[in-house]
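Data block below; observations after.
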Amino acid sequence: MSFSLFALQVLNGVEQGLLLFLVASGLTLVFGVLGVLNFAHGSFYMLGAYLAYWIAARTGSLLAAVLIGVPVMALLGLVVERLAIARLYKRDHLSQVLLTYGLVLLFNELQRALFGNDVHGVDTPTVLAFRIPLGSAQEWPAYRVFTAVACILVAAAMRQVILRTRFGMRVRAGASNAEMVEALGIDVRKLFSVLFSAGTALAALAGMLAAPLTTVYPGMGEGVLVLSFVVVVIGGIGSIKGAFLGALLVGLSDTFGKVLLPGFSSAVVYAVMAAVLLLRPRGLAG
Amino acid sequence: MIARILLVAGALALLAVGFSGDRFWLQFMGKAMIGCIFAMSLDLLVGYTGLVSLAHAAFFGLAAYLLAGLSNAAGFVNPLATLPICLAGAAAAALVIGWLSLRAAGVYFIMVTLAFTQMFYYLFNDAPGLGGSDGLYVQERPRFLGLDFSERTTAYFAIWIALVIVYLLLLRMLRAPFGHVLVGIRANEQRMRSLGYPTRRYKLTAFVIAGTLAGLCGYLDATLYGFVNPAQFSWRQSGLVLMTVLLGGKGTLYGPALGALLLTFVEHYGERVTEHWNALIGALVIAVVLFLPRGLAGLLRD
C-alpha cells in the first residue's frame with residue numbers, strides 16, 4: 001500500500017468514525033442518563049437519511065434538508081420519549097430491548113410505506129462537488145472533508161454544552177446519579193426529554209450528512225446501530241470521551257478491513273471489540 | 001395437574017398432525033415446533049438465568065450452514081454423523097461467544113451478543129462460496145436406515161421427538177440443583193457468589209446448553225426446508241425469539257413454546273392480511289411489553 005493510499009484510508013476512516021460518533025454519543029448518553037438501551041437509535045439515523053433524500057429531492061438543497069429535517073427529528077424524538085421510552089425508566093433490560101425493537105419494526109415499515117424499498121442516491125451539494133488532490137493518484141472528495149469538519153464542530157459544541165452550561169451540568173449529574181438529581185429538585189423528566197430529543201437529532205444529522213456518501217437504503221439503520229453498540233462497548237457506557245475514541249477506532253478498523261481483508265472486512269471490527277473485552281471489559285474509558 | 005393434562009394433550013395433537021400427510025401443515029407445524037424448541041432454549045437464559053442474549057440466531061444459523069456444508073462439500077448424509085458435528089459446532093461457537101460476552105455484565109452483554117451475531121451475518125453474507133444473500137441448498141438431506149428426512153412426514157416426526165426430548169430435558173435440568181443455582185443467579189448473583197458458587201461458570205454452562213439447542217433448531221430447520229440463508233443470522237430473528245419468550249411468559253418453559261406457536265400463526269395470517277405485517281408484529285411486541293409483561297402464561301395462571 002502506497003503512502004498516499006494509506007493516508008487516504010486514514011482520512012476515510014476518521015471521517016467514518018466521526019459520523020459514527022454523532023450516532024454513538026446520543027446512544028451512550030441516553031443509556032448513561034436515562035438508563036434505557038435504545039435499539040431504535042439506528043432508526044433515527046435511517047429516518048434522517050430518508051428525510052434528507054426526500055427534502056433534497058424537492059428543494060434541491062441538502063442544507064435545506066438539514067435545517068428542516070433536524071428540528072423535525074428532534075420533535076419526533078420528543079414524541080417517542082413521551083409515548084414509549086418514558087414507560088421504560090423503571091423496567092428491566094428485557095422490556096427495554098423488546099419495546100425499542102418493536103419501535104424498529106414500526107419505523108422500518110413506516111420507511112417502506114413512505115419511501116418504498118428502492119435505494120436512493122442523494123446529490124452532494126454543488127459547492128462541495130470537487131475533489132482535493134492528495135499526492136499523485138489519490139484525491140479526497142471535498143464533501144468528505146466537509147462532513148469531517150462538520151462532525152468535529154458538532155462534537156466541540158457538544159463538549160461546550162456538557163462542560164459549560166447548566167443543562168450540561170445536569171446531564172453529567174444525571175449520568176452519575178439520576179436519583180440524587182431528582183432529589184435535589186431538578187425536573188428530571190424534562191431533562192430526560194430534552195436529552196433524548198437531542199440524541200435523536202444527532203443521529204438524524206449523522207444520517208443526513210452520510211446520505212450523499214452511502215446512498216439511502218432500507219436497513220441502513222441496523223448496520224449503524226450495531227456499529228454504535230461496538231463503539232459504546234469499546235468506549236465504555238455513558239462516556240462521551242470513550243465514545244469518541246471508540247468511534248475513531250471502529251471507523252479506522254472498518255475502513256482498513258475493507259481494503260486489507262475484502263470479504264471478511266466486517267470481522268475486523270468485532271475482533272477489535274473482542275480484544276477490548278479481553279483486556280478492558282468495562283471499555284477504554286470505563 | 002390441569003396444566004400437565006393440557007401439555008400432554010397438546011403434544012398428542014401435534015403428533016396427530018404428523019399422520020395427516022398434508023404437505024402444507026406438516027411444514028407449517030414443523031416450523032412452529034422448531035420455534036418452540038428455539039424459544040424454550042432461550043428461556044433457559046432469559047427466564048431462568050436472567051441473561052438477555054441476542055446471539056441465539058447465530059447458533060441456529062451456524063448449525064444450519066454446517067449441515068449444508070457437510071452435505072454439499074463432503075456428501076455426509078447420515079444424521080448419526082452430521083447431527084453431532086453440527087451440535088458440536090454450535091456448542092463451540094457458544095463457548096467462545098459466551099466466554100467473551102460474559103466478561104461484560106448487564107447491558108453490555110446484550111450489545112456484545114448482538115454484535116457477534118451481526119458478525120456472523122456479515123461473514124456468511126460476504127464470504128465467497130457460501131451463496132451470499134441467496135443462501136445455499138442442502139443438496140442431500142439427512143437419511144439413514146431407510147428413513148429419508150427430505151420426506152416431510154419423517155422430518156415432522158423427528159422434530160416432534162426432538163421437541164418432547166428437549167422439553168423433558170430442560171424440565172429435568174431446571175429441577176436439578178443446577179437449575180436452582182441458575183434461578184439463584186437471576187435473583188441475586190452476588191449472594192450466589194458469596195455462597196461459593198462459581199456463577200460465571202454456571203452462566204457459561206447455561207449459555208452453551210442453550211446455544212447447542214439453538215443449533216439443534218438450525219439443524220432441524222435446514223433438514224425440513226433443505227435451504228439455508230444468512231437472514232437466519234439476522235438480529236431480527238434474535239429479536240423475534242426474544243419476543244416469543246416474553247409473549248409466552250418467561251421462566252415457564254411451556255409459555256415460550258406457546259408463544260412460538262402463536263407467533264407462527266400471527267406471522268402466517270398477518271402476511272395475508274397486510275403487506276405491512278411487520279408493523280403488526282412491532283405493535284404486538286410493544287403491546288406485550290406494556291400490558292402483558294408476564295406473558296400468556298401469566299394470563300393462564302391468573
Side-chain angles (χ1 to χ4, degrees), chain A residues 27 31 35-37 39 83-84 87-88 91-110 112-113 219 222-223 225-234 236-237 261-271 273-283 286, chain B residues 46-47 50-52 54 96-97 99-123 125-130 234-236 238-240 242-247 250 274-290 293:
Chain A
L27 190 73
F31 185 80
V36 171
L37 181 61
F39 275 63
L83 288 184
R87 297 169 195 270
L88 291 173
R91 302 285 295 271
D92 59 0
H93 290 152
L94 179 66
S95 309
Q96 299 181 354
V97 169
L98 279 172
L99 192 140
T100 55
Y101 168 80
L103 288 177
V104 174
L105 294 181
L106 284 183
F107 284 133
N108 279 347
E109 282 307 305
L110 184 71
R112 273 186 53 190
E222 279 99 55
L225 176 77
V226 175
L227 280 184
S228 306
F229 278 0
V230 175
V231 166
V232 172
V233 170
I234 290 179
I237 260 184
L261 285 172
F264 301 95
S265 62
S266 42
V268 179
V269 172
Y270 302 104
M273 180 181 80
V276 170
L277 278 175
L278 281 177
L279 302 171
R280 300 198 56 156
R282 308 210 124 254
Chain B
V46 175
L51 287 173
V52 180
L54 284 169
V96 175
I97 292 182
W99 184 72
L100 277 169
S101 310
L102 284 168
R103 293 180 64 81
V107 73
Y108 281 92
F109 179 80
I110 304 173
M111 295 196 278
V112 174
T113 49
L114 175 68
F116 281 124
T117 308
Q118 200 70 6
M119 178 184 82
F120 277 107
Y121 172 77
Y122 285 124
L123 275 178
N125 197 49
D126 300 345
L130 290 181
S234 73
W235 76 299
R236 196 175 168 278
S238 282
L240 266 185
L242 207 54
M243 129 110 184
T244 312
V245 171
L246 190 76
L247 172 67
K250 62 179 160 140
T274 161
E275 66 165 317
H276 297 294
W277 63 278
N278 261 322
L280 275 182
I281 303 272
L284 181 66
V285 182
I286 295 173
V288 169
V289 173
L290 291 181

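Numbered from 1 within each chain, the chains take letters A, B, ... in sequence-line order.
Listed here is the closest heavy atom pair of B:R103 and A:L277: NE-O, 2.9 Å. The two residues B:R236 and A:Y101 have their closest heavy-atom pair at O-OH, 2.8 Å. Minimum interatomic distance between B:F116 and A:A274 (heavy atoms only, all atoms of both residues): CZ-CB, 4.2 Å. Nearest heavy atoms, B:L290 versus A:R87: CD2-CD, 3.6 Å. Residues A:E109 and B:A279 come closest through the heavy atom pair CG-N, 3.2 Å.
At a 4.5 Å heavy-atom cutoff, the contact between B:L240 and chain A is made by backbone and side-chain atoms alike. In this structure, the portion of A:F31 lying under 4.5 Å from any heavy atom of chain B is its side chain and not its backbone. Proximity to chain B (any heavy atom under 4.5 Å) is shown, for A:V233, by both the backbone and the side chain. Contact of A:D92 with chain B is made through the side chain alone, with heavy-atom distances under 4.5 Å. Both the backbone and the side chain of A:V232 come within contact range of chain B, judged by heavy atoms closer than 4.5 Å.
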**Q.** Criterion side chain to side chain contact (heavy atoms under 4.5 Å, CB included) on A:F39 and B:I110, from CA distance to verdict
**A.** CA-CA 11 Å; A:F39 275 63; B:I110 304 173; 4.0 Å; yes

**Q.** Working for side chain to side chain contact (heavy atoms under 4.5 Å, CB included), residues B:V289 and A:R91
**A.** CA-CA 10 Å; B:V289 173; A:R91 302 285 295 271; 3.8 Å; yes

Q | side chain to side chain contact (heavy atoms under 4.5 Å, CB included) assessment of B:N278 paired with A:N108 | A | CA-CA 8 Å; B:N278 261 322; A:N108 279 347; over 6 Å; no

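If you take CD on B:Q118 and CG on A:L227, they are separated by 8.5 Å, rounding to the nearest 0.5 Å. Summarising the geometry, atom CG belonging to B:L246 is positioned 10.5 Å from atom CG belonging to A:L99; distances are rounded to the nearest 0.5 Å. To the nearest 0.5 Å, atom CH2 of residue B:W277 and atom CG of residue A:L105 are 9.0 Å apart. The distance from the CG atom of B:L51 to the CG atom of A:L94 is 11.5 Å, given to the nearest 0.5 Å. To the nearest 0.5 Å, atom CZ of residue A:F229 and atom CG of residue B:L114 are 6.0 Å apart. Atoms CD1 and OH, from B:I97 and A:Y270 in turn, are 11.5 Å apart once rounded to the nearest 0.5 Å.
You'll find the side chain of B:Y121 stays beyond 4.5 Å of the side chain of A:V226, heavy atoms only. Put simply, the side chain of B:M111 reaches to within 4.5 Å of the side chain of A:I237, judged on heavy atoms.
Listed options B:V107, B:V285, B:L100, B:V46 were ranked by heavy-atom pairs under 4.5 angstrom with chain A; first place goes to B:V107.
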